[in-house]
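Just below is one structure, and these are the notes that go with it.
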Amino acid sequence: MVLKATPITLEQLKRKEIEAAQMEANVLGEAREVSARAVEARAVSARAAEARAVEARAVSARAAEARAVEARAVSARAAEARAVAARAAEARAAAARA
């Protein structure tokens, strides 16, 4: 196999070097764009995770408040039951005295 060298002018060589530099710049630009998109995707993911955490804390707070309301209601019912029992005992004692 015989390879023949093709002569190239200085102008053609300069054009080839410029094309190579432009291709390298394009590749670097694309890499920066990909990197920027990845950073943005991570930021979006972090914001979504934070939003889920905020919502989870809100749900937990609402559940705790519901438990506190229920506990106060149970306590109020118990106090009312004790008052009814005390009145009934008082009525029985008054009836026994009479």
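FYI, side chains are in, hydrogens and waters are out, and symmetry mates aren't considered; it's all heavy atoms of this structure. Starting from 1, each residue takes its place in the sequence as its number.
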Open item on the list: One pair to check against salt bridge (Lys or Arg N to Asp or Glu O under 4.0 Å): Arg37 and Glu30. What are the steps and the verdict?
Closed with: CA-CA 10 Å; Arg37 285 194 300 270; Glu30 289 172 6; over 6 Å; no

Task: Distance, nearest 0.5 Å, that separates CD of Gln22 from CZ of Arg15 - done: 12.0 Å

- [ ] Please round to the nearest 0.5 Å and tell me the distance separating atom NZ of Lys14 and atom OG1 of Thr9.
- [x] 9.5 Å

Open item on the list: Do Arg87 and Glu90 make a side-chain contact, defined as non-hydrogen atoms from C-beta onward lying under 4.5 Å apart?
Closed with: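 No - every pair of side-chain heavy atoms lies 4.5 Å or more apart.
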
